[in-house]
S.K.: 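This is the structure I want to talk about, given as structure tokens.
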Amino acid sequence: MMEHVARDGSAKIVEECSLPLTGTGCVDRIVTDHAVVDVTDEGLVLREVAPGVGVDEVVEKTGAKLTVPDDVPTMRLPAAV
């Protein structure tokens with residue numbers, strides 16, 4: 001789980017990493033405070049959005065091309081205990 005954007009509001013999910021990589025091809029799902037995104041051979045696919053977050057907001061705050069299916073559900077979060 002990570003934050004979808006940096007403190008300055010810039011995208012953390014980007015087309016190309018500007019930092020040294022510790023591993024490539026080892027991630028198949030990204031879970032953030034805004035969305036669940038699958039990493040596929042065809043690119044990034046939006047699977048779910050967090051409650052209160054719209055699809056358009058996720059697309060806007062993602063610095064890489066994002067495929068958006070017709071029906072993106074909202075994450076189901078467990079009830080607070």
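Side-chain atoms are counted along with the backbone in the values below, which use heavy atoms only and exclude waters and symmetry mates.
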S.K.: Can you find a pair of side-chain heavy atoms, one from V36 and one from R29, that are under 4.5 Å apart?
M.R.: yes
S.K.: Give the cluster check for M2 versus V45: same hydrophobic cluster or not, with ILVMFWY residues linked at side-chain heavy-atom distances below 4.5 Å.
M.R.: no
S.K.: Step by step, would you call R47 with V37 a side chain to side chain contact (heavy atoms under 4.5 Å, CB included)?
M.R.: CA-CA 6 Å; R47 295 297 183 199; V37 177; over 6 Å; no
S.K.: Establish, from distance only, whether the side-chain atoms of T62 and H34 form a donor-acceptor pair under 3.5 Å.
M.R.: no
S.K.: Determine whether a donor-acceptor pair (N or O, by modelled atom type, separation under 3.5 Å) exists between the side chain of E15 and the backbone of K65.
M.R.: yes
S.K.: More than 12 foreign heavy atoms under 6.0 Å from CG of D8: is that the case here?
M.R.: yes
S.K.: Roughly how far, to the nearest 0.5 Å, is CD of E48 from OG1 of T74?
M.R.: 8.5 Å
S.K.: With a 4.5 Å cut-off on side-chain heavy-atom distances among I, L, V, M, F, W and Y, is there a chain of contacts connecting V68 to V39?
M.R.: yes
S.K.: Using the rule that Ile, Leu, Val, Met, Phe, Trp and Tyr join whenever any side-chain heavy atoms are under 4.5 Å apart, tell me whether L77 and V49 fall into a single cluster.
M.R.: no
S.K.: Take T32 and K12, measure what side chain to side chain contact (heavy atoms under 4.5 Å, CB included) needs, and give me the verdict at the end.
M.R.: CA-CA 10 Å; T32 76; K12 290 177 115 181; over 6 Å; no
S.K.: If you round to the nearest 0.5 Å, how far is CG of L44 from CD1 of I30?
M.R.: 5.5 Å
S.K.: Please report the interatomic distance CE(M1) to CG(D33), rounded to the nearest 0.5 Å.
M.R.: 5.0 Å
S.K.: Donor-acceptor check, side chain of S10 to backbone of A6, threshold 3.5 angstrom: yes or no?
M.R.: no
S.K.: Could you state whether V14 and L66 fall into the same hydrophobic cluster, counting links through intermediate Ile, Leu, Val, Met, Phe, Trp or Tyr residues with side-chain heavy atoms under 4.5 angstrom apart?
M.R.: no
S.K.: In Å, rounded to the nearest 0.5 Å, how long is the span from CD of E3 to NZ of K61?
M.R.: 11.0 Å
S.K.: Taking V53 as the starting point, is it possible to reach V55 by hopping between hydrophobic residues whose side chains are less than 4.5 Å apart?
M.R.: yes
S.K.: Could you tell me which non-hydrogen atom of A11 sits nearest to which non-hydrogen atom of G63, and how far apart they are?
M.R.: CB-N, 3.4 Å
